[in-house]
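Reading through the structure tokens given below for one structure.
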Protein chains: 2
Amino acid sequence: MEDSKLTVRAVERALDIMLCFTGATELTLTEIASRVELHKSTVHRLLASLEGKGFVMRDAATDKYRLGYRLWELSANLSKEGDPGIILLPEMERLRDLLGETISLYVQDGLERIRIQAVQSTHAIRRVAPVGARMPLYVGASSKVLVAFAEPSLQQQLLASADWPAGLDQQAFLLQLSETKRAGFATSVEEREPGAAAVAAPILDHGGRLVAALAVSGPANRLTLEEMQAQAPLIMEAARRMGTMLR
Amino acid sequence: MEDSKLTVRAVERALDIMLCFTGATELTLTEIASRVELHKSTVHRLLASLEGKGFVMRDAATDKYRLGYRLWELSANLSKEGDPGIILLPEMERLRDLLGETISLYVQDGLERIRIQAVQSTHAIRRVAPVGARMPLYVGASSKVLVAFAEPSLQQQLLASADWPAGLDQQAFLLQLSETKRAGFATSVEEREPGAAAVAAPILDHGGRLVAALAVSGPANRLTLEEMQAQAPLIMEAARRMGTMLR
DNA sequence: TAACTGGGTTTCATATAGTGAAACATCATA
DNA sequence: TATGATGTTTCACTATATGAAACCCAGTTA
């Protein structure tokens, strides 16, 4: 009846439970139950399974649930030599020291973009999304990079599924995409936030596939368009080097 | 009949699939199936569920499975400000630069101890377990710290469940535990490996609860007992500072 | 002390939902 | 073209996850 069930419900529910910890470190069973919209007893059983394997743990003091250290361990296994967020950190810091601006790393995850690592600007002014934050794909330099260099099929899907805010010129965005692909980098000025600008370049793996977007961001008065275009080769080179470091 | 089934089999299986990636970045479906000892089709369905939520991904080139970036994101949620492994890294590097030896971070996970982060010694000689490695609890400085500062109930459980190798003096271990608790740090000389020594101190959270063990390890001829005792205050102070950084 | 509230845990009848054998598809290599 | 790896889908069977309700246990409150 339904569209093919090639997936396991109980597992998806358990994963949803883990995902619902975004924003909160500690949650009580009933809080979780209401977040994922399941009955207490079901959540309890799923949590027991997660806890048994170390994916969630309970705060001994408050008895609340929190994510477990097994996730930490696994995330270190994402890349051959360890957590990419750690591997690339030194390079990111070098770039930060060179440019003085905030350096961020974004990956595409499903239909969203998430910020997975960042080193802060040495300047006082720094207003950026926290690590782990999810963002829509239609604004910002890193978005353009992630969409422009995505696999064709995924790109289609991304463009189709985006709920474009009224008044946003989708045609212009597509144009920018091809420009990004051609130039090898993207810029944005006051797209997401007034007064903020960013340059981004793709990090590609051995096979030329997109892994992440490396972005330099700062206030628009420091990061003018000319400035950013001048920095672009430097950033692209850093991104290239990072790609080789991932394996 | 069986002992109470307060856990969900499908979920445990799915988690086992993720866990079986330890040591390997990329795995093929059949490799996974044999590792977890399940039939291809079952693994396939579980993997589909995991993939749908971004917990595993497939290398577009090789079509092999690997862990997904959602884990990265979630591990960043373990602590308020982000991945503890990343947060503490700078401090660990500072300590490494100061002492020149390998610095490791261990946490208790279930009944085992796992190594979650490390910065390598600047010296040539460095033979240490990889990040993510699991170790038994009855040897090593970090073990003593993790057991000595564990919650009383967990401590009981740990001591009871450990399968002590014949000839190991359990009484002596208990004595060392109380000494560790008193002194605030532990040492070990040639316990796990001949020629290796280590000092470890607990990292406690705001409420004084144990979070991890910070360990300095190196060859026993450099890290003599006197040397380690001299370094202990420094290490304890570093551990204390790290505790305050976690939230 | 009793009645209440809010958490977590356990039980149990029910049928839903996950299972694995086997068949199928796909792409190598021989 | 055969052969032997993969990954994918189907399908009949019943083992297995489900949620309502009952239960427990600590704090409140009256």
Side-chain angles (χ1 to χ4, degrees), chain A residues 1-21 24-53 55-68 151 153-154 207 209, chain B residues 1-21 24-53 55-68 151 153-154 157 207:
Chain A
M1 296 290 139
E2 312 294 312
D3 47 344
S4 52
K5 35 156 78 173
L6 10 71
T7 163
V8 178
R9 193 183 60 169
V11 172
E12 290 186 306
R13 288 177 165 184
L15 300 179
D16 281 334
I17 286 179
M18 287 200 264
L19 291 174
C20 85
F21 277 87
T25 22
E26 284 190 339
L27 288 175
T28 158
L29 185 146
T30 28
E31 280 172 343
I32 298 171
S34 81
R35 285 198 182 204
V36 296
E37 294 178 319
L38 291 172
H39 292 255
K40 281 195 304 178
S41 72
T42 306
V43 173
H44 182 257
R45 242 173 301 115
L46 295 172
L47 278 172
S49 314
L50 289 168
E51 192 182 1
K53 299 284 176 186
F55 283 78
V56 307
M57 57 197 294
R58 315 185 63 166
D59 190 303
T62 67
D63 235 50
K64 290 185 175 183
Y65 290 90
R66 43 171 61 202
L67 294 174
E151 307 282 317
S153 63
L154 176 62
R209 296 198 323 110
Chain B
M1 294 292 137
E2 313 293 311
D3 47 343
S4 51
K5 35 156 81 172
L6 9 71
T7 164
V8 178
R9 194 181 60 167
V11 171
E12 290 185 308
R13 289 176 165 185
L15 299 179
D16 281 334
I17 286 179
M18 287 200 264
L19 291 174
C20 84
F21 277 86
T25 23
E26 283 191 341
L27 288 175
T28 157
L29 185 145
T30 29
E31 280 171 343
I32 298 171
S34 81
R35 284 198 182 206
V36 297
E37 295 179 317
L38 291 173
H39 292 256
K40 284 193 304 179
S41 71
T42 306
V43 174
H44 183 256
R45 243 175 299 116
L46 294 172
L47 278 171
S49 314
L50 289 168
E51 191 183 1
K53 299 284 177 186
F55 284 77
V56 306
M57 56 196 297
R58 316 185 62 167
D59 191 304
T62 67
D63 235 48
K64 289 185 174 183
Y65 290 90
R66 44 171 59 202
L67 294 173
E151 306 283 316
S153 62
L154 177 61
Q157 206 187 334

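Throughout, protein chains are lettered first and strands after them, A, B, ... in sequence-line order, and every chain is numbered starting at 1. Just so you know, these numbers come straight off a predicted model, no measurement behind them.
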Check your understanding: Between D:dT9, D:dT8, D:dT18, which one does the side chain of A:Ala10 approach most closely?
Key -> D:dT18
Point to revise | Taking every non-hydrogen atom, the tightest pair across B:Leu67 and B:Met18 | key: CD2-O, 3.9 Å
Check your understanding: What's the spacing between B:Phe55 CZ and B:Leu46 CG if we round to 0.5 Å?
Key -> 14.0 Å
Exercise for review: On DNA chain D, check which nucleotide each of A:Arg9 and A:Lys40 is closest to and give me the residue with the more 5' one.
Suggested key: A:Arg9
Practice item. Specify the separation, in whole Å, of atom CG of A:Leu27 and atom P of C:dG8. Key: 11 Å
Review point. Are any of A:Thr28's side-chain N or O atoms less than 4.0 Å away from OP1 or OP2 of C:dG7?
Key: no
Point to revise | Whole-Å C1' distance, D:dC11 and C:dT16 | key: 16 Å
Review point. For A:Leu46 and D:dG19, what is the distance between atoms CG and C1' respectively, to the nearest whole Å?
Key: 12 Å
Exercise for review: Examine D:dG19: is either OP1 or OP2 under 4.0 Å from a nitrogen or oxygen in the side chain of A:Thr42? Give yes or no.
Suggested key: yes
**Study point:** Pairwise 5' ranking along DNA chain C for B:Leu38 and A:Glu31, keeping only the more 5' one
**Key:** A:Glu31
Review point. Counting just side-chain N and O atoms, does B:Arg45 come under 4.0 Å of either OP1 or OP2 of D:dT8?
Key: no
Review point. Once you round it to whole Å, what is the distance between P of C:dG7 and CG of A:Leu29?
Key: 10 Å
Check your understanding: Looking at B:Leu50 and B:Ala14, what are the two nearest heavy atoms and their distance?
Key -> CD1-O, 3.8 Å
Exercise for review: Answer yes or no: does a side-chain N or O of A:His44 lie under 4.0 Å from OP1 or OP2 of C:dG8?
Suggested key: no
**Study point:** Distance, rounded to the nearest Å, where A:Glu37 contributes CD and D:dT18 contributes P
**Key:** 16 Å
**Study point:** Nearest-angstrom distance from the residue atom CD1 of B:Ile17 to C1' of C:dG18
**Key:** 13 Å
Exercise for review: Take atom CG of A:Leu50 and atom C1' of D:dA17, then tell me their distance rounded to the nearest Å.
Suggested key: 15 Å
Check your understanding: A:Glu12 CD to C:dG18 P: how many Å, rounded?
Key -> 9 Å
Check your understanding: At under 4.0 Å between heavy atoms, what does A:Thr30 touch on the DNA or RNA strands: base, sugar-phosphate, or nothing?
Key -> sugar-phosphate
Check your understanding: Would you say a side-chain N or O of B:Arg13 is under 4.0 Å from OP1 or OP2 of C:dG20?
Key -> yes
Check your understanding: Shortest non-hydrogen contact from B:Lys40 to B:Thr30?
Key -> CD-CG2, 3.5 Å
Point to revise | Distance-minimising heavy-atom pair for B:Val8 and A:Ala10 | key: CG1-CB, 3.9 Å
